[in-house]
Amino acid sequence: MSTSPTARRRRLGHELRRLREAAQLRADEVAARLHWSATKMSRIETGQVSVHHGDVSDLLDIYEVSDENLRAELGDMARQSRLKGWWHRHRDTFKRGFDSYIGLENDARGLRTYQSQVVPGLLQTEAYARAVICAIAAGQTPADILDKKIAVRLSRQELLIRTDPLTLHVILDEAVLRRDVGGAETMAEQRDALISMGKLPNITLQVLPFSAGAHAALDGEFSILEFPDSKDPDVVYLEQKTSGLVLEDPSELDCYSMMFTRLSAQALDSDQSAAFIASLT
């Protein structure tokens, strides 16, 4: 079963929607019978909010679910989905939607990401992370909040070295390596870290050089999260200035997956990428 409360909410929402559709009921019909708003029903089925186990029981009654094992499983899932992840205490430092992303990332099996501006957070050194976060804050964020942001970013990196590590495939635009973030010493340390991390068996690092020319992702960065259980469909995450967006539509996922495949084919392979990064020192 999913270990992240965010992922549990998502799984529970999918199961409840599946059962509603099997009962041939519309979401607005069910919401009306429970005196809920349509918005509440939608947020439950999309995993955006936790749901009380009593509400789950009411939904299962409407869907005429008599299987006691299934009812118990979904009720337990509801209880666990209301727990708080380790990142919850830092929610005040996140842009809207990013706490959901961290919860999904924490439960993912794999992550494929294309980055055109900065090194992804999972591979940032502390000095580089501080330089990025402070630049984005532009002097408008208190020092203690900046420190929390940096701590969360570094804590997420444990996903790469745990017993069952996250599989990470990163494509970096050459611009990321050319942009001076934090000064020469910080950049040298970050390049060394990329070369070192790229040697781990669960990490694939590719550089998309300027010489590759035009490519399919010229309009922006994206990340694709993959999950170990087929009941948890993969998602695409798009990050914006003030918020993050999670996409679950299969057609959108297919589009981004094909885009990543094309980018990978245009990029230098792992050995060539490591040599390219080393040549910049």
Side-chain angles (χ1 to χ4, degrees), residues 1-92 94-110 152 156 159 162 164 166 224-237 243-253:
M1 181 181 290
S2 302
T3 57
S4 157
T6 305
R8 289 192 185 104
R9 286 199 304 269
R10 183 168 174 257
R11 168 76 69 83
L12 178 59
H14 288 166
E15 288 296 303
L16 291 174
R17 177 175 179 175
R18 179 185 64 81
L19 292 168
R20 174 179 59 77
E21 292 176 343
Q24 298 184 330
L25 293 170
R26 298 194 316 270
D28 60 334
E29 291 177 321
V30 176
R33 289 174 65 172
L34 291 171
H35 305 290
W36 292 353
S37 67
T39 299
K40 176 178 178 177
M41 190 71 185
S42 173
R43 289 170 66 82
I44 287 174
E45 290 192 344
T46 55
Q48 296 179 55
V49 296
S50 58
V51 54
H52 191 273
H53 65 273
D55 288 338
V56 170
S57 180
D58 290 341
L59 288 169
L60 297 181
D61 287 342
I62 292 174
Y63 304 155
E64 299 183 356
V65 175
S66 58
D67 185 327
E68 290 302 323
N69 289 331
L70 178 57
R71 292 180 70 98
E73 179 183 348
L74 296 182
D76 186 53
M77 198 182 298
R79 293 183 185 91
Q80 294 182 29
S81 71
R82 296 173 69 84
L83 300 175
K84 306 300 182 185
W86 64 264
W87 57 90
H88 184 79
R89 64 184 183 275
H90 301 301
R91 284 188 67 187
D92 59 323
F94 300 154
K95 64 180 64 177
R96 180 165 48 86
F98 192 64
D99 57 331
S100 294
Y101 171 79
I102 291 182
L104 294 172
E105 180 187 74
N106 193 72
D107 211 54
R109 173 189 62 192
V152 169
R156 288 168 52 211
L159 294 173
R162 65 189 182 187
D164 181 23
L166 177 74
I224 304 171
L225 287 169
E226 304 160 347
F227 300 92
D229 196 309
S230 60
K231 292 182 180 179
D232 298 321
D234 299 344
V235 300
V236 174
Y237 179 72
S243 64
L245 179 64
V246 174
L247 306 178
E248 298 190 60
D249 185 272
S251 63
E252 292 177 312
L253 178 62

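Computed over heavy atoms, backbone and side chain alike; hydrogens, waters and symmetry mates excluded. Predicted, not measured: the structure shown is a model, and the values here were computed from it.
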* Interatomic distance, Y101 atom OH to R156 atom CZ [nearest 0.5 angstrom] -> 5.5 Å
* Structure fact -> One should read off an interatomic distance between L225 CG and L247 CG, to the nearest 0.5 angstrom, of 11.5 Å
* **Qualifying residue, where the test is side-chain contact (heavy atoms from CB on, under 4.5 Å) with V30 and the options are L16, L25, I44** => L25
* **Basic-acidic side-chain contact under 4.0 Å: R33, E29** => no
* Asked: Is there a side-chain contact between E105 and L159, using heavy atoms and a 4.5 Å cut-off?
  -> yes
* To do: Hey, could you give me the NZ/NE2 distance between K40 and H35, rounded to the nearest 0.5 Å?
  => 11.5 Å
* Between the side chain of T46 and the main-chain N/O of S42, is any donor-acceptor distance below 3.5 Å? -> yes
* R10 side chain to P233 main-chain N or O, any donor-acceptor pair under 3.5 Å? -> yes
* To do: Grab the two heavy atoms, one from N69 and one from D67, that are nearest each other, plus how far apart they are.
  => N-OD1, 2.9 Å
* Do M41 and R20 have side-chain heavy atoms sitting under 4.5 Å apart? -> yes
* Criterion side chain to side chain contact (heavy atoms under 4.5 Å, CB included) on W36 and D55, from CA distance to verdict -> CA-CA 11 Å; W36 292 353; D55 288 338; 3.6 Å; yes
* To do: Taking all heavy atoms of A31 and all of S37, pick out the closest pair and write down the distance.
  => CB-O, 3.9 Å
* Asked: By salt bridge (charged side-chain N to carboxylate O under 4.0 Å, His left out), which residues pair with D58, not counting sequence neighbours?
  -> none
* With sequence neighbours excluded, residues passing side-chain contact (heavy atoms from CB on, under 4.5 Å) with R71 -> S57, L60, D61, V65, E68
* Structure fact -> Closest non-hydrogen contact found for V235 with F227 is CG2-CE1, 4.1 Å
* **Residue list, side-chain contact (heavy atoms from CB on, under 4.5 Å) with P228, at least two apart or on another chain** => R109
* Could you state the interatomic distance from CZ (R11) to CE (M77), rounded to the nearest 0.5 Å? -> 5.5 Å
* To do: Any chance you could measure L12, atom CG, to H53, atom NE2, to the nearest 0.5 Å?
  => 12.5 Å
* To do: Kindly indicate whether the side chain of R79, heavy atoms from C-beta on, has any atom under 4.5 Å from the side chain of V56.
  => no
* To do: Hey, could you give me the CG/CG distance between L59 and L34, rounded to the nearest 0.5 Å?
  => 5.5 Å
